[in-house]
Amino acid sequence: MKGILFENPNQVKKELLSFGVHINYKLNKMKIVTIVGARPQFIKCSPVSKEIRKDHDEVLVHTGQHYDYEMSKLFFEELGIPKPDYNLDVGSGPQGKQTGEMLIKIEKVLLEEKPDFVLVYGDTNSTLAGALAATKLHIKVGHVEAGLRSFDTSMPEEINRVLTDRASSVLFAPTQTAVENLQNEGITNGVYRTGDVMYDALLHNVTIAETSAILETLEIKPKKYFLATIHRQSNTDNAKNLSHILEAFSHVEEKVIFPVHPRTQKFIKTYGLEEKIKDNVSLVKPVGYIDFLWLEKNAKKILTDSGGIQKEAYLLKIPCITLRENTEWIETVEDKWNVLVGADKEKIIDAAKSFTPPQKQSNHFGDGKASDKIKKVLDGFQKM
Ligand code: UD1
Ligand code: UDP
């Protein structure tokens, strides 16, 4: 069973019992430092933290990469994530400065806490800094969402993914493609295909989302609007691409609800693109996860360059138009529920009009119990 090897002491105990050997031992709790810092990481850690806190001590570290209320604290409040034990207040900055400051501050925390394990999520600068700080101190690193690849090294996230996987001793792969990507890089030890923790979060919260009043607040009707998000560096830090995307949104026949990421807000202003935004496009502040799930579920189509949103669109069966040339969630494209259009104005307008997925979908993202599987793998590292 390559890539799905369980090292749980309870399994060892069972094996020994089958030989008539009785052992008495008490498993020691582990101290696990979880490092998060950006919006999707709060969502990803929420189901996993709940699981690991059942039997272990978790120390939660927030790097401070995201700090606006609606990019950070809102998620802790609505998902019931415990208050971080440390907030490193690193804030925004160029790649090297931001990652470097995180590295210095995370190292300090790890030297003080001396954990058995460090858990990192996804592909942000907070992920890489956490993995690097831990591995240099010979602390085991678990990477949740390991093995994802866009094969586009111009993305800071791709560098973060590759290096974090290298630095990790336990790799929690969400999909079979992720397992194969790791195999192709010679990484086969410590790889566990667990499914996707974002699916766990979605299943848990999608019924809660039925209580959301966001459609009434924005005065929109189910299936009568498009939902849009953009924040990828290649789309925001490039005046031509950002301009083409905003022009395309203005050509969509329906209303476009556009919760604007602060990075995008900043560049719309910097490039003076406000006049590209026509009346059918409603710019709103980023919304909480519960409201966002409800907006996704009721959207006619989704326009996005987000990783997590491509997947959520697939899981909620909403056609997704991805404003990128590539994706690490390739299964959604292969199943024809997601189409890659880059920042090409005509392609975006065309897909908004005519992109129609088939009925059929496959199950790529697990069974919604990835967090439980991750916790069980971690249990296997407990000392007897
Ligand atoms: C980061 C991640 C990206 C992830 C995204 C999730 C990296 C390299 N990028 O991108 O992988 O998909 O988070 O949303 O780690 N800003 C604010 N307030 C905030 C946060 C950011 O105003 O609370 C503004 C700042 O001007 C900042 C800019 O947004 O410079 C970009 O923030 P940053 O965290 O560097 O990258 P993201 O684009 O958010
Ligand atoms: N999301 C949210 N409010 C918003 C936009 C997104 O709660 O206004 C959620 C969305 O449901 C998904 C996650 O944020 O779970 C995706 O994060 P983001 O797009 O910032 O990052 P990426 O997934 O691209 O790394």
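Side chains are part of it too, since the values below use all heavy atoms of this structure and drop only hydrogens, waters and symmetry mates. Since the structure is predicted, the reported quantities are computational estimates derived from the model, not experimental observations. Both ligands and their constituent atoms are indexed starting at 1 by order of listing.
Among protein heavy atoms, the minimum distance from atom 13 (C) of ligand 2 is reached at Ile43 CD1, 3.8 Å. Shortest contact from atom 11 (O) of ligand 2 to any protein heavy atom: Glu312 OE1, 2.7 Å.
Placement of Ile245 and Tyr271 within a single hydrophobic cluster is found when ILVMFWY residues are connected by side-chain heavy-atom separations under 4.5 Å, directly or transitively.
Contacts with ligand 2 closer than 4.0 Å are made by heavy atoms of both the backbone and the side chain of Ser306. Contact annotation for Phe292 and ligand 2: only side-chain heavy atoms (C-beta onward) come within less than 4.0 Å of the ligand. Counting heavy atoms closer than 4.0 Å to ligand 2, residue Arg232 contributes side-chain atoms (C-beta onward) but none from N, CA, C or O.
Checking only distances, Gly307 does come within under 3.5 Å of ligand 2, N or O to N or O. Here's the thing with Asp123: none of its N/O atoms is less than 3.5 angstrom from an N/O atom of ligand 2.
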Begin with the C-alpha distance, continue with both residues' side-chain angles, and end with the deciding distance and a verdict on side chain to side chain donor-acceptor pair (under 3.5 Å) for Tyr86 and Glu113.
CA-CA 11 Å; Tyr86 295 84; Glu113 293 288 345; 2.5 Å; yes
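With sequence neighbours excluded, the residues forming a ring pair (Phe, Tyr, Trp, His ring centres under 6.0 Å) with Phe365 are Tyr314, Trp329, listed by chain and number.
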For ligand 1, list every N/O pair with the protein closer than 3.5 Å, one pair per line with the distance.
residue, atom, partner, partner atom, Å
ligand 1, 11 (O), Glu157, OE2, 2.7
ligand 1, 12 (O), His231, NE2, 2.8
ligand 1, 12 (O), Arg232, NH1, 3.4
ligand 1, 13 (O), His66, NE2, 3.3
ligand 1, 14 (O), His261, NE2, 3.2
ligand 1, 15 (O), Gln65, NE2, 2.9
ligand 1, 15 (O), Asn125, N, 2.8
ligand 1, 18 (N), Tyr67, OH, 3.4
ligand 1, 18 (N), Asp68, OD1, 3.3
ligand 1, 18 (N), Asp68, OD2, 3.0
ligand 1, 22 (O), Tyr67, OH, 3.4
ligand 1, 23 (O), Tyr67, N, 2.8
ligand 1, 23 (O), Asp68, N, 2.9
ligand 1, 26 (O), Lys266, NZ, 3.2
ligand 1, 30 (O), Lys266, NZ, 3.4
ligand 1, 34 (O), Gln65, NE2, 3.0
ligand 1, 34 (O), His66, NE2, 3.4
ligand 1, 36 (O), Arg263, NH1, 3.3
ligand 1, 38 (O), Arg263, NH1, 2.7
ligand 1, 39 (O), His66, NE2, 2.7
ligand 1, 39 (O), His261, NE2, 3.2

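Interface of Pro259 with ligand 2, defined as ligand atoms under 4.0 Å from a residue heavy atom, comprises 8 (O). Which parts of ligand 2 touch Pro286 is read off a 4.0 Å heavy-atom cut-off, strictly below it: atoms 8 (O).
Heavy atoms only, all atoms of each residue included: Lys373 and Thr194 are closest at CD-O, 3.7 Å.
Under the 4.0 angstrom criterion for non-hydrogen atoms, Met198 is in contact with ligand 2.
By the neighbour-count criterion of 12 heavy atoms within 6.0 Å, atom NZ of Lys345 is densely surrounded, having more than that number from other residues, nucleotides or ligands.
Inspection of the Gln183 and Thr188 side chains reveals no N or O donor paired with an N or O acceptor under 3.5 Å.
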